[in-house]
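In this text the structure is predicted, and so the values were computed from the model without any measurement. Below, chain A is the first sequence line, B the second, and so on; all start at residue 1.
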There are 2 protein chains.
Amino acid sequence: MSFVSHGPVVPTSDALGVLRPLPADAVLLDADGLLGGWQQRNTESTLPHCVDQLRVHGNLTNLRRLTGDADEEFAGFWFADTDVHKTLEAAFWSGSAGAFADEVAALLEKAQDPDGYLDTYYQDPANRDRQWAELHFSHEMYTAGHLIQAAVAAARSAPDSTPAQQVVSVARRFADLLVQRYGQSGETDGHPEVETALVELYRVTGHRPYLDLAARFVENRGHGVLGEGRFGPRYFQDHEPLRDTAEVTGHVVRQVYLLAGAVDVAVETGDRPLLETAVRLWDSALESRTYLTGGQGSRHRDEAYGDPYELPPDRAYAETCAAIGNFQLAWRLLLATGEARFADEMERVLYNGIAGSTAADGTAFFYSNPLQLRTGHDGSHEDAPSQRLTWYSCACCPPNLARLMASLHAYLATGGPDGLQLHLYSTGTVSIGGRGVRVETSYPWDEEVTVTVTGSPATPWTLSLRVPAWCDDVRLTVNGTPAPARGQITGGYLRLHRTWHTGDRVSLTFAMPARLVTAHPRVDAVRGTAALARGPLVYCLEHADLPALVLEDLELAPDPAVAVAHHSAGLAPVTLRVPVRVRPAGGEPLYRDLPRTTEPRPSAAVVTAIPYFLWANRAPGPMRVWIPLATQGA
Amino acid sequence: MSFVSHGPVVPTSDALGVLRPLPADAVLLDADGLLGGWQQRNTESTLPHCVDQLRVHGNLTNLRRLTGDADEEFAGFWFADTDVHKTLEAAFWSGSAGAFADEVAALLEKAQDPDGYLDTYYQDPANRDRQWAELHFSHEMYTAGHLIQAAVAAARSAPDSTPAQQVVSVARRFADLLVQRYGQSGETDGHPEVETALVELYRVTGHRPYLDLAARFVENRGHGVLGEGRFGPRYFQDHEPLRDTAEVTGHVVRQVYLLAGAVDVAVETGDRPLLETAVRLWDSALESRTYLTGGQGSRHRDEAYGDPYELPPDRAYAETCAAIGNFQLAWRLLLATGEARFADEMERVLYNGIAGSTAADGTAFFYSNPLQLRTGHDGSHEDAPSQRLTWYSCACCPPNLARLMASLHAYLATGGPDGLQLHLYSTGTVSIGGRGVRVETSYPWDEEVTVTVTGSPATPWTLSLRVPAWCDDVRLTVNGTPAPARGQITGGYLRLHRTWHTGDRVSLTFAMPARLVTAHPRVDAVRGTAALARGPLVYCLEHADLPALVLEDLELAPDPAVAVAHHSAGLAPVTLRVPVRVRPAGGEPLYRDLPRTTEPRPSAAVVTAIPYFLWANRAPGPMRVWIPLATQGA
């Protein structure tokens, strides 16, 4: 069986890889499931909001300046075009490209230089002489990459439409210019992105020079070709060749985009050592440089990983784009290896680090995603605001969310001649070539997932269902009959091999008690604390639920019996009820000698914890994920 | 009795103030005391090193470009002149101004514009049209302020010398230009500094318009006159008028320099509410935004205070210049109020935050002063290096250290008709107008301080000796006879009132057991840890003393009996011997559920702690001040 695929990341049939993506239309999410709801919100709110903001902030006008249809000053950062490209990509994935795509595709075609160059900042007469002259900084290929990814989305989702054909032509002309200019070069761009885009364009077109150029860019990096920059060569992973690198470093988005490109190159060229390099660096990030939410990036100053185990919750940078990049990298590694841990990480970062970045109404966003906000926080600057903002001066994150959410259904399942694999659970249907299942669940609120066969060939095949790493109690029934689950789990998946019939029904129960999670003792920033979790969701305490208390003065009760509460209305369908003690700490000196001769007498209370991803949807106020454990001697 | 004073900060006789500074030549430090040793090192190593670096990095050439004696490109940051001015100030305070002062004074005179303007960056023909046009950013008045402070040092230390007269003339011309241009203006500079400089120039010259302009600049700030800048108005304390402000905010050096200027204005104009404002902001910093070392500034990104209780030891910015500024601010508040807590803070920040910034040989420096450096730290960038560097691209700190150390003796004691007050202890002499004492001590290594009267009038006076806040066991003998100390301590000073005779001998013993210090429970970053201290010194563990162990895997033994070890040779005269447990933590996952079913079995060891200020003088490697307390259940 061979699928024609239409989502992001479609390795060719010759590529390395254990799992194969499904066509985009093989998976349909119901809007009443959490993931389908997010996707619907994206289509109805986030995407139109992004289009509006592009108009408000001049990104489209930047194109019109070139076509002679506007004479305003250039607006925004020098890479402002990327916000247009990412929104366009989102529009294509969403299937609602419409007038916006018509408008932008025509503008892009008109604004492109005869040689294929397209970057409105560097096409400005004042900046033309700087074209290609400051690659460490210019983002020209990063911009080209996002244009190409929009074209890939166009080609896969609406290949016969006029705007799609326009965007693909424009992107190919720019890509051809890159091939012509850099096909024999030792240079590369300061911000990776074009690597994965070129491989995807190769997958769409079959034009090998795109793949070769992507491979070249991966190899060029790491030889000090980008200079010192503001933060040194590690910032853009230019300190040593990727293949020689032992651990992630520098600017997180650059690192994960580079690794995504490296995986794409590796699978298409059969380069197993390069794939192993990507896995090694992934492991290094997960071992000591990843937040409990799946976010990465501990430093605001250079948006960088930071040192091993440096994971401050309050100053977590955990940029939304880094989380999205990691989700997309994990998907590539999942396809390449078939290993469940990559799907586990997709789930963690999706439900926490990524989901938390978007407001409940879909029109405001966090750029950085801290795990703590203090009483007295100065949230007046967009670097660390108290609430999600509708847009940012560097607006990379919102349209990145839009393009991810528009294509989210494509990341749920894989399949091939031997069966179907379900990686993420939300209500919807998966069907391909006469084989299909219906998934019904309130996951992650509820423990139950029901999978009903809606079609099957007459031959046996394997239905693989991921058992999340957080779950140590999974129960299974098949057609109502309890079956032993444990013995059928291999490599993190429950694998049910049989001749399936329409109507066959598999029920899974992933037990979801409230859990207390602790960090490695080297994570100094959260020593003596625990975080609350249930299923894939990290929970937090938020001021809105305990307005009479100072959040910093709470600690968990000894051996706290945390209760799970279900709600039919309100912000969160499931909250946790947490026994705590309150130790009034006002007035104490900042430092004092041990032993303390007196301890404040704590009072007891029970407070509500909400899912982390839902914080900051009521009044702005303090929040924390990591809660002090009960102190001794009280 | 009236003193002619010659150090930094000399309020006029009409100024508000409880204590009066002594003439600079009233205090002489012996080089075998710790403070005198630092001062000698400064004269012999740091100051010549700074002069060399100014030559290497083009700061002097920037002046010669203007005088037609060089045609190199402008070098360094746009405020590169300030490094020249600060080094010149240091040279004057050190009494060894010499050829460097001759050279620079002549250059300054020659480079100054006819109208008094002097700023080599903005005098460049390419930048002239930007003069005074970007005050939020240009540092023009900040630069003027440092020029003026060099002139103040010149006027007080070598008033009759040619270079001093040149520098004073140049500075007055620039100050007069400021008065002419901004005397009726609502504007101010993005970086405070000129305020305190103008008041000091007023003190030297008696020219009231300088004081009035300083007062105006203090009031102009806080009305949004500087715009948004990169980090918003709070960054430069322009979000609300100083008098209305409840707590420190924004860029730390800007904040403390502003407060120093405000105190200077307040005492000279009799403005008690403004003085109270400065005390209130000082309190807010000490209450929740100061490191155990006295350092301030928790954020690298904007060199800012951060939120209340946000005090990460690893990412402590704790800029050297901020510590110096706080020392100078504390001195002003001590003079104004006579309250010992300001002298306590001077001691803390001097022996820890400031002292730690300079290498043992006096020619390498930290810009930021973290309280922890991790195993695996990437120290390749000057923002957070593993070792002190000989210079920085923004080299504000080294010459700031040089000017502080050159004038250090002026901060030790105060006096007036009613007596002498000793605030900091180091071997040396204090003598003024026939009254004097000889101080002999190995403080802070040793507990004993002996004060011998070397001269006295025939009338009674009070010898006041600060009892450090860290000390809860002070013993006193007078002429060999034990005397009750406690009852004679008021306001943090042991006050001995009598008719003194030459040869009278006061001995103080400040008991210096090793102490364990704990932080306020809201300081999340050091929860469950303690720091080691002895006397005024904070101690740390450093890799060089435990090369076979992973520093992150140590914790203090339960109720550790820390021993004090005295050494006749080696890096530190006094080290601490610390019982610890080692918990090998390699291989554990980054996060896992509680309860832990198995705990690694710790092994016991005794390790050496050294004074924090001496870290990073051997091999580069991990260091930490805050050490985990013994965990439960092991």
Side-chain angles (χ1 to χ4, degrees), chain A residues 231-232 234-235 239 249 286-288 290 292 299-302 306-310 312-315 372 374-378 380-381 383 470 515-531 533 552-553 555 583 585 588-596 626 628 631-632, chain B residues 231-232 234-235 239 249 286-288 290 292 299-302 306-310 312-315 372 374-378 380-381 383 470 515-531 533 552-553 555 583 585 588-596 626 628 631-632:
Chain A
F231 301 114
R234 287 172 171 266
Y235 172 75
H239 58 302
T249 188
L286 271 285
E287 182 183 300
S288 65
T290 304
L292 185 61
R299 297 186 180 174
H300 283 241
R301 181 178 152 87
D302 48 358
D307 290 339
Y309 304 103
E310 178 190 324
D314 49 354
R315 290 295 281 173
Q372 177 180 15
R374 290 174 193 282
T375 302
H377 175 69
D378 169 13
S380 62
H381 189 266
D383 178 52
W470 53 260
R515 307 191 321 275
L516 285 173
V517 181
T518 184
H520 192 290
R522 290 183 187 164
V523 185
D524 297 289
V526 299
R527 171 172 292 105
T529 70
E552 284 78 7
D553 294 345
E555 61 181 35
R583 294 176 167 268
E588 288 191 30
L590 190 51
Y591 304 104
R592 65 175 184 183
D593 290 355
L594 279 176
R596 296 181 169 225
W626 293 97
T631 47
Q632 289 172 276
Chain B
F231 301 115
R234 286 172 172 266
Y235 172 76
H239 58 301
T249 187
L286 271 286
E287 182 183 299
S288 65
T290 304
L292 185 61
R299 296 186 180 174
H300 283 242
R301 182 179 152 86
D302 48 357
D307 291 339
Y309 303 103
E310 177 190 324
D314 49 353
R315 289 294 281 172
Q372 177 180 16
R374 290 174 192 283
T375 302
H377 174 69
D378 170 14
S380 62
H381 190 265
D383 178 52
W470 53 260
R515 308 191 321 274
L516 286 173
V517 182
T518 183
H520 192 291
R522 289 181 188 166
V523 185
D524 298 290
V526 299
R527 171 172 290 105
T529 70
E552 285 77 8
D553 294 345
E555 61 180 36
R583 295 176 168 267
E588 287 191 32
L590 190 51
Y591 303 106
R592 65 175 184 183
D593 290 357
L594 279 176
R596 295 181 170 226
W626 294 98
T631 47
Q632 289 172 276

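By number of non-hydrogen pairs under 4.5 angstrom with chain B, the leading residue of Ala531(A), Gly528(A), Gly376(A), Pro595(A) is Gly376(A). Of the residues considered (Phe231(B), Tyr591(B), Trp470(B)), Tyr591(B) shows the highest number of contacts with chain A, using heavy-atom pairs under 4.5 Å.
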| field | Derivation of the salt bridge (charged side-chain N to carboxylate O under 4.0 Å, His left out) call for Arg374(A) and Glu552(A) | value | CA-CA 7 Å; Arg374(A) 290 174 193 282; Glu552(A) 284 78 7; 5.3 Å; no
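Contact annotation for Pro308(A): both backbone and side-chain heavy atoms come within less than 4.5 Å of a heavy atom of chain B. Both the backbone and the side chain of Thr518(B) come within less than 4.5 Å of a heavy atom in chain A. Using a 4.5 Å cut-off between heavy atoms, His381(A) contacts chain B through its side chain alone, with no backbone atom that close. Using a 4.5 Å cut-off between heavy atoms, Pro589(B) contacts chain A through its backbone alone, with no side-chain atom that close. Contacts between Ala519(A) and chain B at a heavy-atom distance below 4.5 Å involve backbone atoms as well as side-chain atoms. If you measure heavy-atom distances from Tyr309(A) to chain B, the contacts under 4.5 Å come from both the backbone and the side chain. Looking at Asp593(A), both its backbone and its side chain come within 4.5 Å of chain B, counting heavy atoms on both sides.
Note that CH2 of Trp626(B) is 12.5 Å distant from CG of Asp524(A), once rounded to the nearest 0.5 Å.
Partners of Glu287(B) by side chain to side chain donor-acceptor pair (under 3.5 Å), not counting sequence neighbours: none found. Here Ala533(B) pairs with Arg515(B), Val517(B) under the side-chain contact (heavy atoms from CB on, under 4.5 Å) rule; sequence neighbours left out.
Considering Arg299(A), Arg315(A), Arg522(A) as possible partners of Glu310(A), the one that fulfils the salt bridge (Lys or Arg N to Asp or Glu O under 4.0 Å) test is Arg299(A).
The shortest side-chain heavy-atom distance between Pro521(A) and Glu588(B) falls under the 4.5 Å cut-off.
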